[in-house]
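Notes for the one structure printed next.
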There are 2 protein chains.
Amino acid sequence: MPLLASDRTVGRLSLYRRLLSHLLQEKVRSVFSHRLAEAAGVTAAQVRRDMMVVGYNGIPTKGYDVESLIESIGQFLDAPDPEAVALVGVGNLGRAILSYFDGRRPNLKIVAAFDNDPSKAGQVISGCRCYAVRQIPEVFAENEIATVIITVPADQAQEVCDLLVDAGAKGILNFAPVGLRVPAYIHVENVDMTTSLEKAAYFGRRP
Amino acid sequence: MPLLASDRTVGRLSLYRRLLSHLLQEKVRSVFSHRLAEAAGVTAAQVRRDMMVVGYNGIPTKGYDVESLIESIGQFLDAPDPEAVALVGVGNLGRAILSYFDGRRPNLKIVAAFDNDPSKAGQVISGCRCYAVRQIPEVFAENEIATVIITVPADQAQEVCDLLVDAGAKGILNFAPVGLRVPAYIHVENVDMTTSLEKAAYFGRRP
DNA sequence: ATAACATCGTTACATATGTAACGCTGTATT
DNA sequence: AATACAGCGTTACATATGTAACGATGTTAT
Ligand SMILES: NC(=O)c1ccc[n+]([C@@H]2O[C@H](COP(=O)([O-])OP(=O)(O)OC[C@H]3O[C@@H](n4cnc5c(N)ncnc54)[C@H](O)[C@@H]3O)[C@@H](O)[C@H]2O)c1
Ligand SMILES: NC(=O)c1ccc[n+]([C@@H]2O[C@H](COP(=O)([O-])OP(=O)(O)OC[C@H]3O[C@@H](n4cnc5c(N)ncnc54)[C@H](O)[C@@H]3O)[C@@H](O)[C@H]2O)c1
């Protein structure tokens, strides 16, 4: 299993897996690179090339076996054991995300939420328990949390980020519209909705 | 003003503008490519190259004038007149987005929200009026809406998308985890949070 | 005034990413 | 059993994107 996979490739693999899961729900057993490509919005060659990365082999005239391909992508993308995820900032967006991920990916489950609003502590929102910010170190240690989601106001994001890194976070999904300063070994994935909306408007205008 | 700008370039320009706005709030008048690059997480050469695209010229030893650079990027990215945006699906995520964009970008304002839940129609949420789905054509025509945000459940997204395209949408920001089928001249910008979270986890694990 | 210097704009180069071509493989059909 | 063929894996190619190098330029200090 090669350890090399580009950012883009990982993104597509994640997408393929979701599409394959839908197919499985519809009792589809096998799929050709063409069809998977069409659903993902890429070329068939791209799909086949991505399969090389995960080391999965299809069968000519049969295509890919949906179930075992999901399994293979999982082995490549996921950690060996289910992973615990934490979210910080139980506001409008944070609550929406908690409800969205509730029960969605068993291997990547949000098990703890943190907020500095005292009234949040102790609550259970969308199946996720809320804690005070000062409890981050202990909860992270108990659950071996390495992946976190930041949904606090922009002016609080860096401060919160530092706490999370100290507590052992390695991968950060950041929704605050600020560039976080982190050590080199930490990975930050930014979701920038303002930029996305401006891109939609720009390219919608100029085809 | 060249009409060529890659997806990535547009994304960075949008980011630069936000960073520059922050600088302006702090009364910073001018900025060097190095500092802007650092804040954006790119190289100084990248910043200078991007400035070529918008046709803006800085001054050696002075750098870029913050205020006029914001103006130039705006002329490049934005439509000549303020643009109206619509959102469909006033649920958990939709409401969070309405509150987030409320009064943020004057040139790109969410003026209408749509939902098929009758109790939503007539409400005003975060300064945005809600309508029934069947009112899409008239409201789009009245406000010349070309950019839309889709936050309906996945199994409703394609249907809603078709309505929006018929009503004149050109740029679509899609939060539903499905690949939308649209005519070639329509631009779809997907925000895929599941993929983003899986990427954060994957690259956090393997540096 | 002029020389020194930091930064800019631009061109040339390097890497990353995506596309297409091609031979191989396994199934189905006669 | 032989043959046709559709799809796969792989390699080679094309394009897109990012990085660095270099000469031009304007400001500041002597
Ligand atoms: N709402 C959206 O759709 C949206 C879209 C894009 C980006 N964002 C960004 O996401 C972040 C959250 O947005 P929101 O709309 O949910 O805001 P919000 O104000 O509704 O929620 C923020 C939450 O963070 C908590 N908080 C504040 N400081 C904290 C701290 N130091 N430690 C822990 N918790 C703290 C608050 O108590 C609150 O519950 C912001 O940075 C915003 O810019 C939001
Ligand atoms: N909540 C999140 O953080 C999150 C994250 C990523 C993606 N998403 C995606 O965003 C979408 C919305 O998520 P949500 O959590 O807000 O769901 P939600 O159920 O809270 O909201 C959906 C809203 O859409 C409305 N709706 C349903 N069908 C409609 C139709 N045909 N026309 C108009 N309106 C319709 C519903 O009345 C409801 O108000 C989903 O596709 C979800 O997968 C959500």
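When reading the values below, keep in mind they use all heavy atoms of this one structure, side chains included, and skip hydrogens, waters and symmetry mates. Below, chain A is the first sequence line, B the second, and so on; all start at residue 1.
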* Asked: What does Arg12(B) touch in the nucleic acid at a heavy-atom separation under 4.0 angstrom: a base, only the sugar-phosphate, or nothing?
  -> sugar-phosphate
* Structure fact -> Atom CD of Gln46(A) and atom P of dG9(D) are separated, to the nearest Å, by 14 Å
* List the steps, then state whether side chain to side chain contact (heavy atoms under 4.5 Å, CB included) holds for Tyr16(B) with Val42(B). => CA-CA 11 Å; Tyr16(B) 296 153; Val42(B) 300; 3.7 Å; yes
* 5' to 3' on DNA chain C, which nucleotides open and close the contacts with chain B (atom under 4.0 Å from a heavy atom)? -> dA6(C) to dT10(C)
* Please name the pair of heavy atoms, one in Ala176(B) and one in Ala154(B), separated by the smallest distance, quoted to 0.1 Å. => CB-CA, 4.2 Å
* Would you mind reading off the distance between Lys62(A) atom NZ and dC5(D) atom C1', rounded to a whole angstrom? => 15 Å
* Asked: Quantified as the angle between the terminal helix axes (five pairs each), what is the overall bend of the helix from dA1(C)-dT30(D) to dT30(C)-dA1(D) to 10 degrees?
  -> 10°
* Asked: Can Arg18(A) and Glu198(B) be said to form a salt bridge (Lys or Arg N to Asp or Glu O under 4.0 Å), step by step?
  -> CA-CA 12 Å; Arg18(A) 172 143 34 82; Glu198(B) 290 187 344; over 6 Å; no
* Structure fact -> By nearest-nucleotide position on DNA chain C, the 5'-leaning member of His34(B) and Asp7(A) is His34(B)
* Structure fact -> Rounded to whole Å, OH of Tyr64(B) lies from C1' of dG26(D) at a distance of 14 Å
* Can you find a side-chain donor-acceptor pair between Tyr56(B) and Ser68(B) that sits under 3.5 Å? -> yes
* Asked: More than 12 heavy atoms of other residues, nucleotides or ligands under 6.0 Å from CD of Glu67(A): is that the case?
  -> no
* Taking CZ from Arg48(B) and C1' from dA24(D), how many angstroms apart are they, rounded to a whole number? -> 13 Å
* Asked: Hey, does Ser33(B) reach any base, or is it just sugar-phosphate, or nothing, if we go heavy atoms under 4.0 Å?
  -> sugar-phosphate
* CZ of Arg49(B) versus C1' of dA21(D): gap in Å, rounded? -> 14 Å
* Just checking, any donor-acceptor pair under 3.5 angstrom between side chains of Ser99(B) and Ser126(B)? -> no
* Base, sugar-phosphate, or nothing: which does Thr43(A) touch, judged by heavy atoms less than 4.0 Å apart? -> sugar-phosphate
* To do: State, yes or no, whether a side-chain contact exists between Ile97(B) and Phe175(B) at a heavy-atom distance under 4.5 Å.
  => yes
* Using the ring of each side chain (for Trp, its six-membered ring), is Phe140(A) parallel, tilted or perpendicular to Phe114(A), with breaks at 30° and 60°? -> tilted
* Which heavy atom in Val139(B) sits nearest to a heavy atom in Ala112(B), and how many Å separate them? -> CG1-CB, 3.8 Å
